[in-house]
Asks: 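Below is a structure I'd like to ask you about.
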Amino acid sequence: MLELARRLKQAGVLGLNGRNALYQLVYNERKNYPLVDDKVLTKQIAQKIGMAVPTLYGLIEDPHQVDAIDQIIDPYNDFVIKPAQGSGGDGILVFVGRGHGLFRLANGRLMDIEDIRFHVHNILSGIYSLGGQDDKALIEYRVKFDPVFERIAYQGVPDVRIIVFLGVPVMAMVRLPTRMSGGRANLHQGCIGAGVDMRTGKTLSAVLKNSIVEEHPDTGAPVRGVQIPNWDKLLEIAAQSFEMTGLGYQGIDLVLDSERGPLMLELNARPGLNIQIANGEGLNNRLELIKANIDKLSSLADRVAFARENFPPKI
């Protein structure tokens, strides 16, 4: 056991206790957490600095507003409903079409307007929110993912998670939905997490649950060596998120829309640590290198360049 602990430390693997004690508690002021925990606030502050986000069609904050949801969604054939304070993708409904009074979800399931109203009431009651607090429901634009992901994603929209420390992009992965994950980009539910070369934006080997994989289980397509479009822009957006929230240690989730390009989905003050498995490398050595050099990184361009130059892949 001691030998294992020594090897993990040498590899720079960051554990949950280390993340909390060394980074979250030290670099994330509690007063800034609402900026990332509430998707409405996140969207508002992103738009103030010109960051592109999925268009908000409507916001339901009170049970008395639920009956009017049909008026909000009436102009749209496809849309997304999500809790403002949800986590892990819970409570998100992605509608891809409608007809004959029914609405079709991405997984093929059909719902009528009463089903949708019932779901929104559940969101407002806090079923999906952090801490079970009363919540709000967002109705927004449905992302259409970039064609580069067509053969390596099942039903849902892939996203790119980037860990950012003091404004420096540290490590990245692309989360690829599978049949097992129900089309969700959620590692715990069975999506693929593929590491990303910080220099080039090309995918590395990937992890599915506890196994290293080279192919998507549902399509058979290789997941390694895929060039993520607009990689320069994604790194810039990630670096910019520091000024946006003031949180020193955070994760940013981005998507590549086929029509609108890079969009920010959400921010996370408590990003998970599975990104280390996807990249075959620990976070801690990279974080310590940033701490040692942060005084030299005076601009956003400096921070992005530092990430590119100092974080080559190990796998």
Side-chain angles (χ1 to χ4, degrees), residues 33-145 155-157 159 177 182-186 189 244-245 253-255 257-261 263-268:
Y33 274 60
L35 298 177
V36 299
D37 286 344
D38 188 320
K39 294 179 179 62
V40 178
L41 286 176
T42 304
K43 191 182 289 285
Q44 290 171 347
I45 60 174
Q47 290 175 315
K48 283 182 180 179
I49 64 171
M51 192 178 289
V53 296
T55 303
L56 182 65
Y57 295 152
L59 178 65
I60 296 179
E61 304 179 80
D62 186 277
H64 297 295
Q65 298 175 306
V66 176
D67 285 343
I69 192 171
D70 54 338
Q71 299 173 32
I72 297 174
I73 63 178
D74 184 63
Y76 309 108
N77 286 321
D78 57 336
F79 52 92
V80 174
I81 297 177
K82 63 172 62 172
Q85 300 181 67
S87 63
D90 291 335
I92 297 177
L93 295 181
V94 180
F95 294 94
V96 298
R98 63 192 297 177
H100 306 291
L102 296 174
F103 300 82
R104 184 179 301 277
L105 291 162
N107 63 7
R109 177 185 164 203
L110 296 173
M111 297 178 70
D112 62 22
I113 192 64
E114 290 306 318
D115 294 328
I116 293 175
R117 288 192 179 111
F118 181 75
H119 182 76
V120 172
H121 276 295
N122 283 339
I123 290 176
L124 298 182
S125 70
I127 287 179
Y128 308 107
S129 70
L130 295 165
Q133 303 299 313
D134 289 350
D135 206 348
K136 301 181 284 287
L138 290 79
I139 301 93
E140 62 182 30
Y141 169 79
R142 178 178 74 89
V143 174
K144 289 86 171 173
F145 62 76
Q155 290 189 343
V157 177
D159 67 18
R184 293 181 177 180
N186 187 295
Q189 295 175 353
M244 181 176 150
T245 67
D253 296 338
L254 301 147
V255 290
D257 186 79
S258 60
E259 300 173 4
R260 304 187 180 186
L263 302 174
M264 189 208 71
L265 276 188
E266 59 185 74
L267 297 167
N268 192 324

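In this chain, residues are counted from 1 in sequence order.
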Asks: I45 versus T245: any side-chain heavy-atom pair under 4.5 Å?
Replies: yes
Asks: Enumerate the salt bridge (charged side-chain N to carboxylate O under 4.0 Å, His left out) contacts for residues 76-94, please, sequence neighbours excluded, ordered by first and then second residue.
Replies: D78-R142, D78-K144, K82-E140, D90-R184
Asks: Can you see which heavy atom on Q85 is nearest to which on D134, and at what distance?
Replies: NE2-O, 3.6 Å
Asks: Atom CG of N268 and atom CG of D37: how far apart are they, to the nearest 0.5 Å?
Replies: 8.0 Å
Asks: Quick one, L267 with L35, criterion side-chain contact (heavy atoms from CB on, under 4.5 Å). Give me CA distance, side-chain angles, the key distance, then yes/no.
Replies: CA-CA 8 Å; L267 297 167; L35 298 177; over 6 Å; no
Asks: Side chains of residues 106-114: which donor-acceptor partners sit under 3.5 Å, not counting sequence neighbours?
Replies:
residue	atom	partner	partner atom	Å
N107	OD1	R109	N	3.0
D112	OD1	E114	N	3.1
D112	OD1	D115	N	2.8
E114	OE2	R117	NH1	2.5

Asks: Take D74 and Q71, measure what side-chain contact (heavy atoms from CB on, under 4.5 Å) needs, and give me the verdict at the end.
Replies: CA-CA 5 Å; D74 184 63; Q71 299 173 32; 5.7 Å; no
Asks: Just do the side-chain contact (heavy atoms from CB on, under 4.5 Å) check on L138 and K43 with the steps written out, would you?
Replies: CA-CA 11 Å; L138 290 79; K43 191 182 289 285; 4.0 Å; yes
Asks: Of all the heavy-atom pairs spanning A185 and P177, show the shortest one and how long it is.
Replies: N-CG, 4.1 Å
Asks: Side chains of F103 and L93: closer than 4.5 Å at any heavy-atom pair?
Replies: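 With C-beta onward as the side chain, the pair stays apart.
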Asks: If you take all heavy atoms of F145 and Q155, which pair is closest and at what distance?
Replies: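 Closest approach of F145 to Q155: CE2-O, 4.4 Å.
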Asks: Taking ring pair (Phe, Tyr, Trp, His ring centres under 6.0 Å) as the test, write out the residues that go with F95, two or more places apart.
Replies: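 Applying ring pair (Phe, Tyr, Trp, His ring centres under 6.0 Å) to F95 gives F79.
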Asks: Identify every side-chain donor-acceptor pair in residues 50-57 under 3.5 Å, counting partners at least two apart or on other chains, and give the distances.
Replies:
residue	atom	partner	partner atom	Å
T55	OG1	R260	NH1	2.7

Asks: Would you give the length of the straight line joining atom CD1 of I116 to atom CD1 of I69, rounded to the nearest 0.5 angstrom?
Replies: 6.0 Å
Asks: Could you list the donor-acceptor pairs under 3.5 angstrom formed between side-chain atoms of residues 119-130 and any protein atom two or more places apart in sequence or on another chain?
Replies:
residue	atom	partner	partner atom	Å
H119	NE2	G91	O	2.9
S125	OG	N122	O	2.7
S129	OG	G126	O	3.2
S129	OG	Q133	N	3.0
S129	OG	Q133	O	2.6

Asks: Using 0.5 Å steps for rounding, measure from the CG atom of D253 to the CG atom of D159.
Replies: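 Interatomic distance, D253 CG to D159 CG, rounded to 0.5 Å: 5.0 Å.
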Asks: Scan residues 34-54 for pairs that pass ring pair (Phe, Tyr, Trp, His ring centres under 6.0 Å), counting only residues two or more places apart or in two chains.
Replies: none
Asks: List the atom of P83, the atom of D135, and the distance in Å for their closest heavy-atom pair.
Replies: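 Heavy atoms of P83 and D135 come nearest at CB-OD2, 3.4 Å.
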Asks: Rounded to the nearest 0.5 Å, what separates atom CG in L263 from atom CG in D257?
Replies: 5.0 Å
Asks: Could you give me the CA-CA distance, side-chain angles and deciding distance for L265 and K39, then say whether side-chain contact (heavy atoms from CB on, under 4.5 Å) is met?
Replies: CA-CA 9 Å; L265 276 188; K39 294 179 179 62; over 6 Å; no
